[in-house]
Amino acid sequence: MISNDRRLDRRAAMRALLQNRGDLLLVTGLGSTTWDAAAVGDDDRNFYLWGAMGAAAMVGLGLAIARPDRRVLVVTGDGEMLMGLGSLATIGVQRPQNLAIAVFDNGRYGETGMQASHTDGAVNLTGVARACGIEQVFDITDEATLQRFAELVHSAETTLFARVAIRAEDAPRVLPPRDGVVLKTRFRCGIGVE
Amino acid sequence: MGEGTAAEVFDWRDEIFAALKAAEIRQVGYVPDAGHARLIELCRAEPTIRAVPLTTEEEGVALAAGAWLGGQRAALLMQSSGVGNCVNMLSLTKTCRFPLVMLVAMRGEWAEFNPWQVPMGSRTQAALELCDVLVYRVERPEDTAETVAAALDIAFNGDLAAAVLLSQRLLGAKRWVK
């Protein structure tokens with residue numbers, strides 16, 4: 001199914017999403033998307049998950065509901081999203097207009113030895129998102145579409161979901177701070193709620 | 001167990017809702033349970049609360065973390081069986097010291113008719129304590145409101161996780177009469 005996709009470079013994809021980020025709030029999932037965000041540049045407005053696999057989309061939902069005045073982007077991997085697949089159903093019911101979810105899909109569990117994930121041939125995440133009631137869904141395999149999505153993150157009027165086809169490569173690890181209390185507190189200070 | 005008085009039953013459930021409102025809870029994540037039915041209705045009807053139905057309870061732990069990151073307070077409603085679903089997600093709460101309040105309707109204990117509920121129900125408190133969640137148990141209607149208020153206080157004042165177990169005896173035989 002995705003074998004013919006033109007696959008994007010994950011670091012370039014993260015950079016594209018965070019270019020001109022304005023006051024965008026970012027949540028990343030356990031694993032490579034956290035390293036991707038750190039590689040683009042550490043920022044108080046990034047909340048990195050270093051654990052709690054399956055949490056990323058729901059952390060984004062709670063944050064988006066709490067801060068309707070800010071745009072919230074969740075970037076996570078296919079394995080992390082699969083562990084919290086039910087959260088797409090929960091988000092489909094809520095659909096806050098300031099929430100966007102981008103899943104970097106390489107069809108692999110990158111942190112554990114590149115084992116095949118369920119998206120490698122069988123599971124279509126955009127189909128899942130659409131079936132869960134998320135109305136604006138993107139299957140991104142090229143830079144132009146990624147760029148369009150990155151812009152829409154700042155102006156959409158409903159929840160967005162994108163599956164971003166990335167190459168199964170092990171990019172150099174760039175580690176952000178890992179102290180959870182520090183990450184939480186600096187994020188809250190950064191948006192003025194602490 | 002007797003019928004109880006309907007007034008008494010509704011009274012303590014309404015008091016939990018009043019405690020949530022007094023603590024300025026703005027998001028309530030829930031997986032339905034008969035013991036929480038009235039509270040869920042009240043939350044869904046309350047304009048200052050965003051009620052979020054979850055497909056599994058661990059989603060609520062992450063929802064509450066996100067809410068707190070954005071400056072809002074959340075509470076979770078679940079059945080005791082759902083506590084087991086939360087175990088790994090509670091590492092998020094502990095590692096980041098997110099405040100968390102779980103209101104847990106107990107099954108698998110007092111006069112339970114379904115043996116499948118017993119394994120998780122009989123270990124709910126132990127599982128929570130193993131995850132460093134403070135546990136307060138309510139047996140009597142008159143203790144409910146202040147126990148919930150105390151859990152909300154300690155969680156949000158201390159950046160701690162607290163659970164209130166609403167015992168099956170408290171929830172009453174009413175659920176099984178119909």
Side-chain angles (χ1 to χ4, degrees), chain A residues 25-27 29-30 44-70 72 74 76 80 83-96 98-99 132 178-194, chain B residues 24-32 40 43-44 47-78 82 85-101 131-132 156-161:
Chain A
L25 305 176
L26 177 70
V27 177
L30 159 71
D44 286 357
R45 297 162 299 177
N46 295 353
F47 186 77
Y48 313 105
L49 288 159
W50 276 80
M53 188 165 175
M58 286 303 299
V59 171
L61 178 64
L63 178 58
I65 291 171
R67 294 304 301 255
D69 57 321
R70 302 287 290 262
V72 177
V74 175
T76 190
E80 209 272 350
M83 192 171 282
L85 210 54
S87 61
L88 289 178
T90 295
I91 288 164
V93 173
Q94 300 299 322
R95 292 196 304 279
N98 57 331
L99 176 64
C132 285
R178 79 186 90 174
D179 182 323
V181 178
V182 169
L183 292 169
K184 172 193 71 172
T185 304
R186 72 175 198 168
F187 187 96
R188 282 169 51 85
C189 288
I191 63 169
V193 298
E194 179 84 44
Chain B
E24 298 183 330
I25 297 297
R26 294 286 177 262
Q27 297 186 35
V28 172
Y30 66 92
V31 174
I40 290 167
C43 290
R44 289 188 66 89
T48 64
I49 290 176
R50 179 78 162 254
V52 180
L54 311 165
T55 69
T56 174
E57 294 80 359
E58 70 223 67
E59 289 176 7
V61 177
L63 178 83
W68 185 249
L69 285 175
Q72 282 192 343
R73 294 175 167 200
L76 307 183
L77 314 181
M78 66 184 70
N85 294 344
C86 294
V87 170
N88 183 54
M89 204 58 90
L90 287 169
S91 63
L92 171 64
T93 311
K94 183 176 176 179
T95 309
C96 302
R97 287 194 62 197
F98 279 113
L100 180 69
V101 174
C131 297
D132 282 340
F156 290 108
N157 289 330
D159 293 340
L160 294 165

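In this text the structure is predicted, and so the values were computed from the model without any measurement. Chain letters run A, B, ... following the sequence lines, proteins first, then strands; residues in each count from 1.
- Contact of B/Ser91 with chain A is made through the side chain alone, with heavy-atom distances under 4.5 Å.
- Proximity to chain B at a heavy-atom threshold of 4.5 Å picks out A/Gly180, A/Val181, A/Lys184 from residues 179-186 of chain A, in numerical order.
- With a 4.5 Å cut-off on side-chain heavy atoms, A/Thr90 and B/Leu63 do not count as touching.
- Interface remark: B/Arg97 contributes backbone and side-chain atoms alike to the contact with chain A (heavy atom separation under 4.5 Å).
- Between chain B and the residues A/Ala52, A/Gly84, A/Gly62, the largest count of heavy-atom pairs under 4.5 Å involves A/Gly62.
- Of the two parts of B/Gln27, only the side chain, counted from C-beta on, holds a non-hydrogen atom closer than 4.5 Å to a non-hydrogen atom of chain A.
- For a residue to count as touching a neighbouring chain, one of its non-hydrogen atoms must lie under 4.5 Å from one of that chain's; by this rule A/Val59 touches chain B with backbone and side chain alike.
- For A/Gln94 against B/Val52, the heavy-atom pair with the smallest separation is NE2-CA, 3.6 Å.
- Residues that satisfy the side chain to side chain donor-acceptor pair (under 3.5 Å) test with B/Asn157, not counting sequence neighbours, are absent from this structure.
- The shortest heavy-atom contact between B/Gly70 and A/Arg67 is O-CD, 3.1 Å.
- Only the side chain of A/Ile191 comes within less than 4.5 Å of a heavy atom in chain B; its backbone stays farther off.
- Within the 4.5 Å cutoff, the side chain of A/Leu25 has no heavy atoms near those of the B/Leu69 side chain.
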Could you go step by step and tell me if B/Glu59 and A/Leu61 meet the side chain to side chain contact (heavy atoms under 4.5 Å, CB included) rule?
CA-CA 10 Å; B/Glu59 289 176 7; A/Leu61 178 64; over 6 Å; no
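- Options B/Pro53, B/Ala64, B/Gly60, B/Ala74 differ in how many heavy-atom pairs under 4.5 Å they form with chain A, and the most are formed by B/Pro53.
- Annotation: A/Met53, atom CE; neighbour count of heavy atoms from other residues, nucleotides and ligands within 6.0 Å is above 12.
- In this structure A/Asn46 satisfies the side chain to side chain donor-acceptor pair (under 3.5 Å) test together with A/Arg21, A/Tyr48, sequence neighbours excluded.
- Taking each heavy atom of B/Leu92 and A/Ala55 in turn, the nearest pair found is CD2-CB, 4.4 Å.
- Residues satisfying the salt bridge (charged side-chain N to carboxylate O under 4.0 Å, His left out) test with A/Arg70, not counting sequence neighbours, are A/Asp23.
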